Amino acid sequence: MIRTVESEPHASAPVLAAYRYCEAVTGHQARNFAYGIRLLPTSKRRAMSALYAFSRRVDDIGDGALADEVKVARLEDTRALLTRIRDGAVDEDDTDPVAVALAHAAAHFPIPLGGLDELIDGVQMDVRGETYETWDDLKAYCRCVAGAIGRLSLGVFGTERGARGAERAPEYADTLGLALQLTNILRDVREDAEGGRTYLPADDLAKFGCSAGFGGPIPPEGSDFAGLVHFEVRRARALFAEGYRLLPLLDRRSGACVAAMAGIYRRLLDRIERDPEAVLRGRVSLPGREKAYVAVRGLSGLDARHVTRRTVRRRA
């Protein structure tokens, strides 16, 4: 069972400043993520911000305009920094606020920092321009860039004392990460295509006549683009259904955070399902009032209770 510390970890002035920096990065760069972690206690919210800020640094290297060899070098520099954090070699007065905050978080929560190595591995796959023939191929990539984030986050959340089935929490967290990533891939299919990237499996693209890609606001001629999207939506929904089994294993506020973030993406999935071609015309998003509703629903525990009832019915 994974548990976090019960008391609020002490933080010095330099560490607090480092956390404030990470929270600013999170609030500016990841509104959906920031919306969810607002539901956490202060110490967990700070730790999640540190995880996000480090992850964002890795992602930005991969998404930037630098030459590929420079990206590879910077990713290895970031991996070396992660090794210093893991070895406890980052001082509070270090000039890198992300390193300071993450080192403090890792010292107070059982965060499996190897997940950040997996993230770097996944971004290196992007730099190499890898494509994916099958869902199993894409799933391996998604586990690096999103499943690992789920497992890292679980190190901060911990599991509820005495929760039945808590040993499977990392598996559920990983699966929920896959669901979020597949939703991201569907939402960003046009943007990724413009950047020269294709994530959806080649097998699926061929099956629905979409192998020509998505370079414009309309689907490839003669394709069944809606069929492709609905096929991937069903796959994502199955992942959400499995991943949501994590919720009853978490304490109320951690469960609310996860339910809020996952709920936002599930509603994005609903919008994409209703109008598949919307992802070719622009970025699908939710208005603030809808995000607020999702957050309130998560905080109320409705999603966790629904999962618990469904699990009990299956066992009966």
Side-chain angles (χ1 to χ4, degrees), residues 1-2 4 30 32-37 39-40 44 47-48 51-52 55 59 109-112 114-116 118-119 122 135-136 138-160 163-188 199 232-270 272-273 286 291 294-295 297-299 301-308 310-311 314:
M1 181 179 294
I2 301 171
T4 56
N32 290 346
F33 186 83
Y35 210 94
I37 66 172
L39 302 174
L40 293 171
K44 291 185 179 183
M48 291 295 291
L51 275 174
Y52 175 81
S55 301
D59 285 340
F109 293 96
I111 300 172
L116 291 171
E118 293 180 55
L119 174 62
W135 165 238
D136 283 342
L138 178 60
K139 187 161 57 174
Y141 167 78
C142 290
R143 288 197 189 284
C144 286
V145 299
I149 301 301
R151 286 176 267 118
L152 286 158
S153 300
L154 183 62
V156 176
F157 297 143
T159 54
E160 189 80 305
R164 184 176 178 182
E167 70 280 355
R168 297 192 66 183
E171 173 191 337
Y172 298 144
D174 185 275
T175 301
L176 195 54
L178 265 62
L180 300 179
Q181 185 64 21
L182 183 53
T183 303
N184 264 336
I185 287 170
L186 286 172
R187 182 192 62 184
D188 297 341
Y199 289 101
E232 303 298 349
V233 165
R234 288 193 296 273
R235 176 175 279 156
R237 288 197 190 286
L239 292 169
F240 272 116
E242 180 70 10
Y244 259 54
R245 297 177 74 175
L246 174 67
L247 296 182
L249 307 180
L250 305 177
D251 66 74
R252 179 171 174 266
R253 291 177 71 175
S254 295
C257 170
V258 174
M261 288 189 287
I264 288 170
Y265 278 84
R266 283 183 69 184
R267 285 174 175 265
L268 284 174
L269 203 62
D270 290 341
I272 293 169
E273 183 180 40
L286 297 185
K291 292 180 183 179
V294 172
R297 181 182 173 89
L299 196 58
L302 284 172
D303 293 314
R305 289 198 294 274
H306 175 71
V307 173
T308 301
R310 187 175 60 201
T311 302
R314 284 178 178 174

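Predicted model, so just to flag it, every value in this text is computed and none were measured. Residue indices begin at 1 and follow the sequence shown.
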Does some side-chain heavy atom of Phe157 sit less than 4.5 Å from a side-chain heavy atom of Arg253? no

Would Arg245 and Glu171 satisfy side chain to side chain contact (heavy atoms under 4.5 Å, CB included), going step by step from the backbone distance to the final call? CA-CA 10 Å; Arg245 297 177 74 175; Glu171 173 191 337; over 6 Å; no

To check you understand the geometry: which heavy-atom pair defines the closest contact between Gly155 and Pro112, and what is its length? CA-CD, 4.3 Å

Do you know which two heavy atoms are closest between Gly243 and Thr175, and how far apart they sit? N-CG2, 4.0 Å

Look at Lys139 together with Asp136 and state whether they make a salt bridge at an N to O cut-off of under 4.0 Å. yes

Could you tell me the separation between the CG atom of Leu269 and the OG1 atom of Thr183, rounded to the nearest 0.5 Å? 4.5 Å

Output for pair (Leu180 CG, Arg187 CZ), nearest 0.5 Å, gives 10.5 Å

Can you tell me how far the OH atom of Tyr172 sits from the CG atom of Leu239, to the nearest 0.5 Å? 14.0 Å

Could you check whether any side-chain heavy atom of Tyr199 comes within less than 4.5 Å of a side-chain heavy atom of Tyr141, counting everything from C-beta outward? yes

Those residues at least two apart in sequence (or on a different chain) that pass salt bridge (Lys or Arg N to Asp or Glu O under 4.0 Å) with Arg151 are Glu118, Asp174

Would you please test Val233 and Leu186 for side chain to side chain contact (heavy atoms under 4.5 Å, CB included) and show each step? CA-CA 8 Å; Val233 165; Leu186 286 172; 4.0 Å; yes

Report the residues that fulfil side chain to side chain contact (heavy atoms under 4.5 Å, CB included) with Ala146, sequence neighbours left out, ordered by chain and then residue number. Gln181

Between Val156 and Ile111, is there a side-chain heavy-atom distance shorter than 4.5 Å? yes

Can you confirm whether Phe240 sits close enough to Tyr265 that some side-chain heavy atom of one is under 4.5 Å from a side-chain heavy atom of the other? yes

Would you say that Ile185 contacts Cys142 through its side chain, given a criterion of any heavy-atom pair below 4.5 Å between the two side chains? yes

Taking every heavy atom of Leu247 against every heavy atom of Gly255, the minimum-distance pair comes out as CD2-O, 3.7 Å

For Asp59, the salt bridge (Lys or Arg N to Asp or Glu O under 4.0 Å) test, sequence neighbours excluded, returns none

Would you give the length of the straight line joining atom CG of Leu249 to atom CZ of Arg168, rounded to the nearest 0.5 angstrom? 10.0 Å

Once you round to the nearest 0.5 Å, how far does CG of Leu182 lie from CG of Leu138? 7.0 Å

Where is the tightest heavy-atom contact between Gly115 and Ala148, given as atom of each residue plus distance? O-CB, 3.4 Å

Listed by chain and number, what are the side chain to side chain donor-acceptor pair (under 3.5 Å) partners of Glu232, not counting sequence neighbours? Arg235

Looking at Gly122 and Val145, what are the two nearest heavy atoms and their distance? CA-CG1, 3.8 Å

Is there side-chain contact between Tyr244 and Val258, with at least one heavy-atom pair below 4.5 Å? no

Mind checking salt bridge (Lys or Arg N to Asp or Glu O under 4.0 Å) for Arg234 and listing every partner two or more places apart, or none if nothing turns up? none

Look only at the side chain of Ser254 and the backbone of Leu250, and say whether a donor-acceptor pair between them is shorter than 3.5 Å. no

Would you say that Leu246 contacts Thr159 through its side chain, given a criterion of any heavy-atom pair below 4.5 Å between the two side chains? no

If you measure from CD1 on Ile149 to CG on Leu51, what distance do you get to the nearest 0.5 Å? 7.0 Å

Test side chain to side chain contact (heavy atoms under 4.5 Å, CB included) applied to Leu119 and Cys144, step by step: CA-CA 5 Å; Leu119 174 62; Cys144 286; over 6 Å; no

The criterion is ring-ring contact (aromatic ring centres under 6.0 Å, His included); which residues satisfy it with Tyr52, sequence neighbours excluded? Phe33

Pair Arg237 + Glu273: basic N to acidic O under 4.0 Å: yes

Looking at Leu39 and Ala260, what are the two nearest heavy atoms and their distance? CD1-CB, 3.8 Å

Compare all side-chain heavy atoms of Ile37 with those of Met48 and state whether any distance is below 4.5 angstrom. yes

